[in-house]
There are 2 protein chains.
Amino acid sequence: MRADAKRNRDRIVEVARDVFREQGYDASLDLVAKRAGVGAGTLYRHFPTRDDLIDALMQSWVDRVTESTDKVLAFEGSDRDLLLRWFETYVELISLHKGGPAKITTAMGNPESPIRSKCQVLSGAADRVMDQLAARGALRPGVDSVQVCRLVGGVAAVADQSELDADAVRPLLEVVADGMLARA
Amino acid sequence: MRADAKRNRDRIVEVARDVFREQGYDASLDLVAKRAGVGAGTLYRHFPTRDDLIDALMQSWVDRVTESTDKVLAFEGSDRDLLLRWFETYVELISLHKGGPAKITTAMGNPESPIRSKCQVLSGAADRVMDQLAARGALRPGVDSVQVCRLVGGVAAVADQSELDADAVRPLLEVVADGMLARA
DNA sequence: TTGCTAAACGGAGAGTGTCTCCGTATCGTG
DNA sequence: CACGATACGGAGACACTCTCCGTTTAGCAA
């Protein structure tokens, strides 16, 4: 890639991160191009679709997912608290931008999505947590990480849309957790 | 209201119902106007926002909500099955159109929404079901119908976006139900 | 350094959707 | 039947997406 191309590409990603944080994932791409000081054509050549752009700016997010998951897995406490901690981490990770929960949760179910590779990192993280809990016999049979992603993703989507705060979200996550844990 | 105005208004609602069913709630309103044989101005005079239009075509939906709820409440069976039946009914009711779950669940949390009055019918229905279960001592303390709407609305939104079928949705609803029911 | 070519740029503009404005047409009452 | 209130409709302003293609530039080879 030519030096000027790389410069422009990087600048677009950087600007897009700010714009999406401000306005959500449906912000105008022409605005991104304008703020980045490039033409619309340049933006669309680098990133044919909106999702391609989102995919690019998620690189740093991937690192964050792994790091947060490690922290959760290292947690010493009851199974229920660990699961809840994971749920809260999950919600946080997908709620960094307005519209993120819906975007990511949808993408996880769609093999065609350009941001699928990033979603797989997240579902992999969910697998790690659920495997650990399953190994301890903490989960009901039939419960799997796909369900976790759907249920917690659904809660996060509602919370995002309705702008619920953490205090309103917690009881919802508790219900989901209690529905998944083996009966005492 | 003048006779011609009423004629046009009714026709717009009728056409909008078809168009939204075909294309989802974000279909072009100009298309609705065109198919209804009226100008865009006429449509926007009757329905200043998209939500106002959606609100109008939900009238018949309201009847359906009440009817379905009655059927659930009359159900003879275990508390768990009744709750699950209600969840499935709820999902069905808000999933009649593509994008419905997200639309309705968001509106339920927003006092400003033009379709709020219709959503209140739904939350009222949820209250009836939850009250009946609570009276039997079937629910954990702290569980309320707002949580039900959020949780089940979240599941429905994910199912809608990812086009999950009923078989994939059921286990999710079971988790939620088990998380809400009093421990055996 | 210079010349050349592939690579990249950028912005005008086509296509689509939202929503408004206002000249025109129609209703329905006195 | 006449006339004001009411409603109509579609042109057009504005916003966004995405493409096309003439112009510019990076970077290499001589």
Side-chain angles (χ1 to χ4, degrees), chain A residues 1-57 97-100 102-103 106-107 110 112-115, chain B residues 1-57 97-100 102-103 106-107 110 112-115:
Chain A
M1 180 182 293
R2 243 167 62 173
D4 56 342
K6 171 156 174 43
R7 207 160 40 231
N8 276 324
R9 190 180 187 287
D10 290 349
R11 176 137 184 71
I12 289 169
V13 170
E14 191 182 325
V15 167
R17 201 189 309 276
D18 291 344
V19 172
F20 285 161
R21 208 191 310 272
E22 278 171 31
Q23 309 191 10
Y25 281 127
D26 55 352
S28 160
L29 296 186
D30 272 18
L31 173 67
V32 173
K34 183 165 286 182
R35 279 214 210 161
V38 304
T42 300
L43 187 152
Y44 283 97
R45 197 170 339 93
H46 286 298
F47 307 103
T49 73
R50 180 181 296 272
D51 278 345
D52 289 321
L53 177 53
I54 293 172
D55 182 64
L57 60 81
H97 300 294
K98 180 91 180 150
K103 185 109 215 158
T106 302
N110 171 21
E112 307 297 311
S113 169
I115 64 171
Chain B
M1 182 182 290
R2 244 167 62 174
D4 55 342
K6 171 157 176 42
R7 211 163 37 235
N8 275 323
R9 189 180 187 289
D10 290 350
R11 177 137 184 72
I12 289 169
V13 170
E14 192 182 324
V15 168
R17 202 190 308 277
D18 292 345
V19 172
F20 285 161
R21 208 190 311 272
E22 279 171 31
Q23 309 192 11
Y25 281 128
D26 55 352
S28 160
L29 295 187
D30 273 18
L31 173 66
V32 172
K34 183 165 286 181
R35 280 215 210 163
V38 303
T42 300
L43 187 152
Y44 283 97
R45 197 170 337 94
H46 285 299
F47 308 104
T49 73
R50 178 181 297 271
D51 278 345
D52 289 319
L53 178 53
I54 293 171
D55 181 64
L57 60 80
H97 301 295
K98 179 91 179 151
K103 183 111 214 157
T106 302
N110 170 20
E112 306 296 312
S113 169
I115 65 171

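Proteins get letters first, then strands, A, B, ... in listed order; numbering begins at 1 in each.
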By side chain to side chain contact (heavy atoms under 4.5 Å, CB included), B:Ala107 pairs with (sequence neighbours left out) B:Ser113, B:Ile115, B:Cys119

From NZ of B:Lys34 across to C1' of C:dT16 the rounded distance in Å is 11 Å

Mind checking B:Ala3 for me? I need base, sugar-phosphate or nothing, with any heavy atom below 4.0 Å counting as a touch. sugar-phosphate

Select base, sugar-phosphate, or nothing to describe what B:Ala27 touches, counting heavy atoms under 4.0 Å on all strands. sugar-phosphate

In whole angstrom, give the distance that lies between atom CG of B:Asp52 and atom C1' of C:dT18. 15 Å

Pairwise salt bridge (charged side-chain N to carboxylate O under 4.0 Å, His left out) hits with a residue in residues 18-33 of chain A, at least two apart: A:Glu22-A:Arg35

Quick one: label A:Arg50 by what it contacts on the DNA or RNA (base, sugar-phosphate, nothing), any heavy atom closer than 4.0 Å. sugar-phosphate

Taking the side chain as every heavy atom from C-beta outward, state whether B:Tyr44 and B:Thr49 have any atom pair closer than 4.5 Å. no

Taken to the nearest whole Å, CZ/B:Phe47 to C1'/D:dA7 is 14 Å

Considering every strand and a 4.0 Å limit on heavy-atom distances, what is the contact class for B:Ser28: base, sugar-phosphate, or nothing? sugar-phosphate

Rounded off to whole Å, could you give me the CZ-to-P distance for the A:Phe20 and D:dC16 pair? 13 Å

Using a cut-off of less than 4.0 Å, is there contact between a side-chain N or O of B:Tyr44 and OP1 or OP2 of C:dC19? yes

Can you tell me the distance, in whole Å, between the CG atom of A:Asp4 and the C1' atom of D:dG27? 10 Å

Before we go on, tell me: are the rings of A:Phe20 and A:His97 under 6.0 Å apart, centre to centre? no

Is the phosphate of C:dC9, meaning OP1 or OP2, less than 4.0 Å from a side-chain N or O of A:Asn8? yes

I'd like to know if B:Arg2 reaches the base of C:dT26 with its side chain, counting only an N/O donor and acceptor under 3.5 Å. yes

